[in-house]
Number of protein chains: 2
Amino acid sequence: MRKISESTVRRLSLYLRFLEQFAAQGQTTISSAELARRGGTTSAQVRKDLSFFGSFGKRGLGYSVPELAAKIRDILGLRRTYRVVLVGAGRIGGALIQYPGFRQRGFHVSAIYDRDPKKIGSRWNGLVVRDVRHLEADLAREPIDIAIVVTPADAAQDVVDRLVRAGVKAILNFAPAQLTVPADVVVKSVNMALELETLSFALANR
Amino acid sequence: MRKISESTVRRLSLYLRFLEQFAAQGQTTISSAELARRGGTTSAQVRKDLSFFGSFGKRGLGYSVPELAAKIRDILGLRRTYRVVLVGAGRIGGALIQYPGFRQRGFHVSAIYDRDPKKIGSRWNGLVVRDVRHLEADLAREPIDIAIVVTPADAAQDVVDRLVRAGVKAILNFAPAQLTVPADVVVKSVNMALELETLSFALANR
DNA sequence: CTGTGTGAATCTATTCACAGCC
DNA sequence: GGCTGTGAATAGATTCACACAG
């Protein structure tokens, strides 16, 4: 497939969210202009983003809300569910696991791991925290799709290496560390401090 | 000032983190190539990023680690501390407030607000959760620099409108909602579900 | 007439490549 | 000789503008 930019993918995610809201209000058809206004972009951008994947609209009319939503779900790979594990049973992990948006979109957390004996065995949102030593054996028995890494920075690379060796191909990283992985593994890092720093930069440069 | 791209700012944040690590190891000088390797970019990119703000290196030698770190702190506005309030005393808010990276970088959470009477008055990391009704009065008495919005999606725009009216110029938004603000207010949105969807897209398109 | 789909034009970001200084 | 700083070249993303389908 033609190379799709990260920004296009993020916008498709947004469009999907809006389409679901429009669908909930019973709206059956929508124009690129309306979608653009909602998403803070331009109608040409919306049409271009979609055009990478096909032509889903009707000229003079716009897009069918349910059809376009289904199509975007297809594109984003949201037709199926994903098995997710969480490594690190800290505060951020706890917040994530409760986050309804995950389950709603088909991301099912199937296990939580930690290293701390005080946490191992405790219940977390219906799951028992497991000793991270079992990681490899568990993944060999029941492969997963995505791992969320929420360990301290100094443990993150080690955990990631183990996940990669166990065959994990997608990692969402919340540890404030730069991770190295083979080319066939995709890592997305979210760094809270960095987000705040873009704000302090904006405040400092006005 | 010349318009600086978001990606440049994010990379500067990263460079700063690496510089601090190098400094902790006692390294006093560093080349753009070394910084680039660490940050997964190119030496030309590092030099170009820095060149928007001045020339801080010595030809043939590289950059002084502490000097460059100080300079980047300057650029990012990290010389000062920032007063931050949190609106929404939920799980994510709880995780954020404990996050050591915030305080370390000078972001001090001075108050937490919520609407839920069950939460109001409870202690959170040394702070008492206040009724969000006091928001305007509190901010008039003690202005803040940054607000972090961690409310449910349907409450977010209302909270943001109130923050903006109270004079807040920078908002970090964790609510899965698209926010509208005047041009002089900067909003940075972090959407966890969207991050996961970029991963499912990557998995679906290999 | 309305609103899509898309090549062409423009604007922005990254990479190249080299002169200049340490 | 090594490495920065930076214009020039390239690559990439966004916007324009219009032919065309409903």
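Proteins get letters first, then strands, A, B, ... in listed order; numbering begins at 1 in each.
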Output side-chain donor-acceptor pairs under 3.5 Å for residues 47-54 of chain A, partner residues at least two apart or in another chain, one line each.
unit_1   : atom_1 : unit_2   : atom_2 : d
Arg47(A) : NH1    : Ser32(A) : OG     : 3.2
Arg47(A) : NH1    : Ser43(A) : OG     : 3.3
Asp49(A) : OD1    : Thr8(A)  : OG1    : 3.1
Asp49(A) : OD1    : Arg11(A) : NH2    : 2.9
Asp49(A) : OD1    : Gln45(A) : NE2    : 3.3
Asp49(A) : OD2    : Arg11(A) : NE     : 2.7
Asp49(A) : OD2    : Tyr15(A) : OH     : 2.7
Ser51(A) : OG     : Lys48(A) : O      : 2.7

Enumerate, atom names and distances included, each donor-acceptor pair closer than 3.5 Å involving a side-chain atom of residues 62-69 of chain B, sequence neighbours excluded.
unit_1   : atom_1 : unit_2   : atom_2 : d
Ser64(B) : OG     : Glu67(B) : N      : 3.2

Ignoring hydrogens and angles, write down the donor-acceptor pairs under 3.5 Å from the side chains of residues 138-149 of chain B, residues two or more places apart or on other chains.
unit_1    : atom_1 : unit_2    : atom_2 : d
Asp138(B) : OD1    : Arg130(B) : NH2    : 3.2
Asp138(B) : OD1    : Arg141(B) : NH2    : 3.1
Asp138(B) : OD2    : Tyr113(B) : OH     : 2.7
Asp138(B) : OD2    : Arg130(B) : NE     : 2.6
Asp138(B) : OD2    : Arg130(B) : NH2    : 3.4
Asp145(B) : OD1    : Arg80(B)  : NH2    : 2.9
Asp145(B) : OD2    : Arg80(B)  : NH2    : 3.0
Asp145(B) : OD2    : Arg83(B)  : N      : 2.7

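Atom C1' of nucleotide dA13(C) and atom CD of Glu6(A) are separated by 16 Å, given to the nearest angstrom. Summarising the geometry, the separation between CG on Leu50(A) and C1' on dG5(C) is reported as 10 Å, rounded to the nearest angstrom. The nearest whole Å value for the distance from the CG atom in Leu68(A) to the P atom in dG3(C) is 16 Å. As rounded to whole Å, 14 Å separates atom C1' of dT6(D) from atom CZ of Phe56(B). Whole-Å rounding puts the Lys71(B) NZ to dT4(D) P distance at 18 Å.
For Ala89(B), the side-chain contact (heavy atoms from CB on, under 4.5 Å) partners are Ile112(B), Asp114(B), Lys119(B), Trp124(B), Val129(B), not counting sequence neighbours. Under the side-chain contact (heavy atoms from CB on, under 4.5 Å) criterion, Pro100(B) pairs with Gln104(B), not counting sequence neighbours. With sequence neighbours left out, the side-chain contact (heavy atoms from CB on, under 4.5 Å) criterion links Ser13(B) to Leu194(A), Glu197(A), Arg17(B), Leu76(B). Taking the side-chain contact (heavy atoms from CB on, under 4.5 Å) definition, one finds that Ala95(B) meets it with Arg91(A), Ile92(A), Ala95(A), sequence neighbours left out.
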Short heteroatom pairs, N/O only, protein and nucleotides 16-22 of chain D, under 3.5 Å:
unit_1  : atom_1 : unit_2   : atom_2 : d
dA17(D) : N6     : Arg47(A) : NH2    : 3.3
dC20(D) : O2     : Arg59(A) : NH1    : 3.0
dG22(D) : O4'    : Arg59(A) : O      : 3.2

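For dT14(D), one of the phosphate oxygens OP1 or OP2 lies less than 4.0 angstrom from a side-chain nitrogen or oxygen of Arg11(A). Using a 4.0 Å cut-off, no side-chain N or O of Gln45(A) falls inside it from OP1 or OP2 of dA13(D).
The side chain of Tyr63(A) sits closest to dT4(C) out of dT14(C), dT4(C), dT14(D).
Electrostatic pairing of Arg38(A) and Glu34(A) does not count as a salt bridge here, judged by no charged N lying under 4.0 Å from a carboxylate O.
Listed for the Tyr82(A) side chain is no donor-acceptor partner under 3.5 Å among the backbone atoms of Arg105(A).
Residues from residues 19-38 of chain B placing a heavy atom under 4.0 Å of any atom in DNA chain D, listed by number, are Ser31(B), Ser32(B).
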